[in-house]
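Here's the structure, in structure tokens; my notes come after.
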Amino acid sequence: MKNASPWRIGFDIGGTFTDLVLLNDMTGEAIRHKTLTTPKDPSEGAYTGLTQLVELAGLKANDIHTITHGTTLAINALLERRGAKTALVVTRGFRDVLVLGREYRYDIYDLNGAPAQPLLPRSHAYEITERVTARGDVVTPLNEADVFQLAAELREKQYEAVAVLCMHAYAWPDHENQIEAILSRELPGVSISVSHKVSREIREYDRGVLTAMNAFVQPKARRYMARLESRLREGGFTCDWLVMGSNGGLMAPQVAADYPTRIIESGPAGGIVATAAFARRNQTHQVLAFDMGGTTAKACVVRDGEPSITTDYEVGRADRLLKGSGLPVKLPVVDMIEIGAGGGSIARVDSLGLLEIGPESASAWPGPACYGRGGTQPTVTDANLVLGLLDPDAFLGGRMRLDVEAARQAIRRVAEPLGLSIEDAAWGIHEVANSKMSEALRTHSVEKNVSPSQMTMLAFGGAGPSHAWSLARQLNVQRVYFPNGAGVYSAFGLLTAPPSADFVRSDRCRLLPGLDVARVSALFAEGFDEAFTTLAAAGAEPESVIKQKLAGVRYIGQGSELTVTLPETFLTEGDVQALVDAFEAAHLARFGRTLPGQGVEVVSWRGRVQTPPPKLNTTDQLRHPEPDACEKSLQVYLGREQGFSACRVIPRSLLIAGEAVQGPALLQEKECAIYVGPGASAQLDEQGNILMELN
């Protein structure tokens with residue numbers, strides 16, 4: 001019998017903190033919690049937080065209806081290059097596919113610029129005799145003796161995972177299936193990833209990188225999902241649980257374990273999905289989502305209540321602002337920019353005597369010096385504490401008292417080499433972090449053909465509300481919203497997402513009258529069958545599924561394509577011109593021009609299936625003042641010229657809807673502190689959001 005309880009939990013494991021939200025779908029009551037992440041075994045800290053949250057609500061584990069989970073497991077493994085010992089098996093003649101990459105410079109004027117290093121070294125690449133053309137003609141049959149011999153070599157060298165990449169397997173996967181069958185029999189316990197199951201994309205480099213990523217992370221992902229499943233069941237959580245995908249939809253844990261490339265941006269996607277729900281509810285046309293946690297900061301443009309989705313995402317960029325300097329992730333991903341600047345980002349003085357921030361982080365252990373867990377390196381959080389942007393007695397709702405003196409001693413490590421006072425050094429750290437983030441946010445916005453000044457910002461994450469005022473000032477943003485529970489908003493976003501699945505079928509063809517629409521329909525039918533199977537594993541009801549048909553289209557001769565929605569008349573009436581018109585409209589919006597007379601072709605057909613988003617009772621309802629809540633005052637540092645100034649510290653529960661609070665002020669939540677700087681005012685709206693307006 002299905003659990004009829006109204007309680008659901010969303011939890012997001014970040015690099016520093018694990019955020020949790022318990023939601024009652026009937027009453028809208030939300031209980032929030034935040035606990036330190038346990039880097040050695042993230043499932044341990046997550047389980048501890050889950051049990052604490054359930055106990056806090058006076059519930060039992062079996063009272064929970066559903067659990068949704070966001071994780072940084074896959075992205076951390078890729079960025080840190082801490083995965084399985086992986087072999088790459090390729091068609092003979094293509095051993096160097098990952099090393100050669102796309103063979104172009106991402107910055108033609110930087111003579112010293114180098115792209116991200118290949119995930120696997122050339123010494124881990126092995127060739128197999130086989131070859132099939134793009135039309136499916138077998139040029140060279142698969143030599144199975146080669147595969148058996150290779151299996152023996154891989155066993156001897158103790159590989160933990162194998163990535164298989166055959167040319168044109170996106171269309172003709174028979175050889176990959178044969179290789180997978182042999183290696184699975186000969187190498188029990190070794191993870192096998194074949195390219196056509198990871199992605200049916202054309203272009204062997206993109207597909208090869210993605211398959212290598214999947215194989216590299218898969219053993220760790222499978223162990224993690226199994227360990228978390230075991231902890232949940234042993235702790236009495238009998239409910240279903242799902243995992244957030246990079247595309248902003250949910251999937252079954254087994255799918256995430258087998259295809260960890262689909263959860264590369266699992267955690268950050270939750271906050272973007274929540275931002276989209278916020279934009280729809282408030283009818284806000286353009287929103288800039290800004291999420292700053294303990295390790296990184298993220299930003300995404302949300303238009304008309306829909307986040308931007310891209311299939312040209314990259315991880316591990318050599319230059320965070322330059323496309324092409326990272327490893328491609330050719331899967332649907334919420335299109336965001338990520339910056340190595342979080343509360344735990346470490347400050348240092350470089351060889352030129354300049355102040356630098358990140359990307360190294362103090363993480364959850366030992367954490368910033370002010371945590372009192374043995375950390376000594378100066379971090380952004382330490383700087384914010386010294387500046388008065390954090391109340392040392394209110395961190396995590398008062399559960400963790402911050403050590404101001406330890407923070408000052410850590411900041412001294414950069415203050416003395418720079419010849420600055422501790423306060424000025426802390427101010428410098430804060431401003432450098434803001435400058436890094438504003439540069440990235442401005443670049444990301446311009447790439448989306450919009451100016452930050454035209455958007456409303458939604459700021460969240462444990463550190464985002466502390467920096468939003470400074471960022472808005474630099475970006476000329478006039479309005480900034482802070483949702484209720486901003487410090488754990490990504491975890492709340494996990495509760496707003498529906499199960500979903502995507503597919504792609506590469507099929508290069510010119511858009512001309514007489515196109516075989518029946519063949520295209522057959523490709524869509526095959527893809528939707530695959531996607532429905534994935535969706536069913538997440539417990540989705542088939543009758544509630546929404547289908548979306550897309551196409552990757554380009555002008556003939558272009559190196560990349562634009563994804564457009566397939567017009568209804570294309571498949572029903574064979575209206576090729578409708579798709580051409582849709583593409584040219586997208587091309588004009590993106591590049592400001594079209595190419596009249598130039599032929600147009602489809603590179604791939606894409607589809608997505610998802611259930612409707614869950615109907616949420618508002619969790620932003622107003623709360624009664626907490627019994628021990630009271631206003632106080634702190635000194636906040638406003639820079640060398642102005643020095644310290646008195647700053648009101650007001651618990652959120654004491655705010656009265658419609659009553660303006662003038663900056664400088666700290667609006668204190670249990671999971672974060674909202675800084676309202678000089679010249680700005682903030683007020684609580686009827687939905688429970690805090691709106692800050694800058695003059």
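Basis for what follows: all heavy atoms, side chains included, without hydrogens, waters or symmetry-related copies.
Considering all non-hydrogen atoms of both residues, Pro368 and Thr379 come closest at CB-OG1, 3.2 Å. What you find for Leu355 and Gly428 is that their closest heavy atoms are CD2-C, 3.5 Å. The two residues Asn434 and Ser470 make their nearest non-hydrogen contact at ND2-CB, 3.1 Å. Residues Leu36 and Met400 approach most closely at CD1-CE, 3.6 Å, considering heavy atoms. Nearest heavy-atom pair across Val477 and Pro452 is CG2-O, 3.4 Å. Minimum heavy-atom separation, Pro332 to Asn247: O-CB, 3.6 Å.
In summary, Arg652 and Glu671 do not engage in a salt bridge, as defined by a charged side-chain N under 4.0 Å from a carboxylate O. Using a 4.0 Å cut-off between a side-chain N of Lys or Arg and a carboxylate O of Asp or Glu, Asp391 and Lys632 qualify as a salt bridge. Salt-bridge check for Glu669 with Arg32: failed, with every basic side-chain N at 4.0 Å or more from each acidic carboxylate O.
Looking at residues two or more places apart in sequence or on another chain, you find a ring pair (Phe, Tyr, Trp, His ring centres under 6.0 Å) between Tyr675 and Trp469. Residues satisfying the ring pair (Phe, Tyr, Trp, His ring centres under 6.0 Å) test with His430, not counting sequence neighbours, are His467. Every residue two or more places apart in sequence or in another chain was checked for a salt bridge (Lys or Arg N to Asp or Glu O under 4.0 Å) with Arg442, and none qualifies. Take Tyr481 and apply the ring pair (Phe, Tyr, Trp, His ring centres under 6.0 Å) test, not counting sequence neighbours, and it matches Phe278.
Side chains of Leu389 and Val636 form a contact here, defined as non-hydrogen atoms less than 4.5 Å apart. Counting heavy atoms from C-beta on, the side chains of Leu385 and Pro392 come closer than 4.5 Å. Considering only heavy atoms from C-beta on, Met437 comes within 4.5 Å of Phe290 through its side chain.
Residues Tyr371 and Phe395 bring their aromatic ring centres within 6.0 Å.
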Under 3.5 Å, side-chain donor or acceptor atoms of residues 263-272 against the rest of the protein: list the pairs with distances, not counting sequence neighbours.
unit_1	atom_1	unit_2	atom_2	d
Glu265	OE2	Tyr313	OH	2.8
Ser266	OG	Thr71	N	3.0
Ser266	OG	Met244	O	2.8

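Rounding to the nearest 0.5 Å places NE2 of His444 at 5.0 Å from SG of Cys300.
Applying the salt bridge (charged side-chain N to carboxylate O under 4.0 Å, His left out) test to every pair with at least one member in residues 479-498, sequence neighbours left out, gives these pairs: Arg479-Glu693.
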- prompt: Would Ser435 and Gln474 count as a side chain to side chain contact (heavy atoms under 4.5 Å, CB included) if you check the C-alpha gap in whole Å, the side-chain angles of each, and the deciding distance to 0.1 Å?
  reply: CA-CA 8 Å; Ser435 295; Gln474 292 185 25; 4.1 Å; yes
- prompt: side chain to side chain contact (heavy atoms under 4.5 Å, CB included) between Lys34 and Thr18: does it pass, once the steps are laid out?
  reply: CA-CA 6 Å; Lys34 202 176 187 81; Thr18 295; over 6 Å; no
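Counted by atom type alone, Thr295 and Thr16 present one or more donor-acceptor pairs between their side chains at under 3.5 Å.
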